[in-house]
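Notes to accompany the following structure.
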Amino acid sequence: MKYLYLVIFCFFFFNSIQAQNSGNIIYRIVSEELKPLEKDSQVKQKFIKMMNSMSRLRDSLFFNLDFNKNESLFYLDKKKNIGISNEKGYNAIIRSFGSSKYYRNNRNEKLIEQINSDGLYLVTSSTNIFHWKITKQTKKINNYLCFKAVADVQAKSIVKGNYTKVIEAWYCPAIAINFGPKNYGGLPGLIFELREDKLTYYLYSIDISFEEDSIIDKPDKGNEITRKEYNEMLPHITKDNFNQYIGG
């Protein structure tokens, strides 16, 4: 994969950062390209081509992670995406991928995902849902030594139904910020890179302030519901009920 890797504004002169109060981190995405097979029908090949085109559009987006000592908020930065807002498929990407906000509070161990689907929801869960296994595997990302951690996370999709997805994270102990993309965190260092399904989030830039903690804009609008309750609301589309959901 070709990454536009790390641009760090204010701390290359530190060997270890241990006293961050607040700041902003920007992440971007690299999508795994789908490869059609020779035996695939023309319809399927066209579909794969369309999906790859959508993925390239998604890979051009910017995501903010605002943080202070105890809290973080991860969200799409629409202001940086003005140049591509007229691209075909942009609105579909925003609706399906960029409409959620992810809030994490390490002090009270609470996660909130604000989802805008058929209504506005505040989906709550606990930071304890992530059981990281820290490995001895290491690699350098922009000359920073990072360690690999993996976690099994329970999830639900409308196609797979309930399933377990494996999350792979590379975190940097030298930068003592225990946050990362979306609501992932709790590791002994900042997550530089995180793979979730066919997407890889990568660290693009960091701006750190050593002043007093900034105020994180915690999502407060929406119907509060647990993750379990929200998952139970999601449909599971199978071959047997496919026509029901497409109106056939």
Side-chain angles (χ1 to χ4, degrees), residues 20-27 29 61-77 95-134 149-158 160-172 175-197 199-203 206 213-234:
Q20 303 91 342
N21 286 322
S22 61
N24 169 262
I25 297 168
I26 296 175
Y27 286 95
I29 294 175
L61 302 179
F62 292 81
F63 295 85
N64 280 330
L65 178 70
D66 298 332
F67 70 92
N68 60 29
K69 185 177 181 181
N70 296 301
E71 302 167 281
S72 68
L73 183 69
F74 183 86
Y75 57 97
L76 176 69
D77 189 342
R95 284 194 302 269
S96 64
F97 195 76
S99 60
S100 291
K101 292 183 178 181
Y102 301 84
Y103 170 81
R104 181 183 179 100
N105 190 316
N106 287 333
R107 178 179 293 168
N108 61 21
E109 300 181 342
K110 188 171 185 178
L111 304 177
I112 298 175
E113 181 182 355
Q114 187 184 55
I115 301 175
N116 190 358
S117 55
D118 60 326
L120 193 60
Y121 297 94
L122 296 173
V123 182
T124 64
S125 55
S126 169
T127 58
N128 295 323
I129 63 173
F130 303 127
H131 302 289
W132 293 106
K133 178 183 177 183
I134 296 176
V150 294
D152 293 336
V153 178
Q154 300 304 309
K156 184 177 181 179
S157 76
I158 62 174
K160 296 180 181 179
N162 294 312
Y163 74 105
T164 300
K165 61 182 176 182
V166 179
I167 305 300
E168 178 183 296
W170 292 89
Y171 69 94
C172 180
I175 303 177
I177 302 171
N178 56 358
F179 298 118
K182 298 174 75 171
N183 265 335
Y184 295 107
L187 288 165
L190 177 64
I191 296 177
F192 271 41
E193 182 180 305
L194 184 137
R195 182 175 177 84
E196 181 185 44
D197 294 325
L199 303 180
T200 298
Y201 294 82
Y202 65 94
L203 186 61
I206 302 178
D213 278 0
S214 61
I215 296 175
I216 300 301
D217 188 16
K218 175 183 174 181
D220 59 3
K221 295 180 180 179
N223 180 28
E224 188 168 328
I225 188 172
T226 66
R227 173 61 62 181
K228 181 179 179 181
E229 290 170 334
Y230 182 78
N231 285 348
E232 289 174 350
M233 293 170 51
L234 295 176

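Residue numbers start at 1 and run along the sequence shown.
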Measuring from atom CG of Asp217 to atom NZ of Lys101, what distance do you get when rounded to the nearest 0.5 angstrom? 6.0 Å

Go through the steps for Asn178 and Asn106 under the test side-chain contact (heavy atoms from CB on, under 4.5 Å), then give the verdict. CA-CA 9 Å; Asn178 56 358; Asn106 287 333; 3.2 Å; yes

Taking it one step at a time, do Phe130 and Leu111 satisfy side-chain contact (heavy atoms from CB on, under 4.5 Å)? CA-CA 11 Å; Phe130 303 127; Leu111 304 177; 3.8 Å; yes

Could you check whether any side-chain heavy atom of Ile225 comes within less than 4.5 Å of a side-chain heavy atom of Met233, counting everything from C-beta outward? yes

Find out whether Phe63 and Tyr102 are in side-chain contact, i.e. whether some heavy atom of one side chain is under 4.5 Å from a heavy atom of the other. no

Taking Asn68 for its side chain and Ser214 for its backbone only, find out whether a donor-acceptor pair lies under 3.5 Å. yes

Side chain Asp197, main chain Leu199, donor-acceptor under 3.5 Å: no

Before giving the answer on side-chain contact (heavy atoms from CB on, under 4.5 Å), spell out for Tyr184 and Trp132 the whole-Å C-alpha distance, their side-chain angles and the decisive distance to 0.1 Å. CA-CA 10 Å; Tyr184 295 107; Trp132 293 106; 4.2 Å; yes

Minimum-distance pair of heavy atoms, taken over all atoms of Phe74 and Gly180: CD1-O, 4.5 Å

Arg195 side chain reached by Ile167 side chain, heavy atoms, under 4.5 Å: no

To the nearest 0.5 Å, how far apart are CG in Asn108 and OG in Ser126? 9.0 Å

Check this for me: Lys228, atom NZ, are more than 12 non-hydrogen atoms of other residues, nucleotides or ligands nearer than 6.0 Å? no

Aromatic rings Phe67 and Phe179: how do their planes relate, parallel, tilted or perpendicular, breaks at 30° and 60°? tilted

Atom CG in Leu122, atom CG in Asp220: separation rounded to 0.5 Å? 7.5 Å

So OG1 of Thr164 and CG of Asp152: to nearest 0.5 Å the spacing works out to 6.5 Å

Can any side-chain N or O of Arg104 pair as donor or acceptor with the backbone N or O of Asn183 at less than 3.5 Å? yes

Any side-chain heavy-atom pair from Leu203 and Ile25 closer than 4.5 angstrom? yes

Gap between atom CZ of Phe62 and atom CG of Asp77 - 0.5 Å precision: 8.5 Å

Considering only NZ, NE, NH1 and NH2 on the basic side and carboxylate oxygens on the acidic side, decide whether Glu113 and Lys182 come within less than 4.0 Å. no

So among Leu65, Ile191, Ile29, which one has a side chain to side chain contact (heavy atoms under 4.5 Å, CB included) with Tyr201? Ile29

Output for pair (Arg227 CZ, Tyr121 OH), nearest 0.5 Å, gives 12.5 Å

Evaluate the criterion side-chain contact (heavy atoms from CB on, under 4.5 Å) for residue pair Lys110 and Thr124; output intermediate values, then yes/no. CA-CA 7 Å; Lys110 188 171 185 178; Thr124 64; 3.9 Å; yes

Cut-off 3.5 Å, side chains only: do Tyr75 and Asp66 have a donor facing an acceptor? yes

Is the side chain of Gln114 donor-acceptor paired with the backbone N or O of Lys221 at a distance under 3.5 Å, no angle test? yes

Is the closest side-chain heavy-atom distance between Ile134 and Leu187 below 4.5 Å? yes

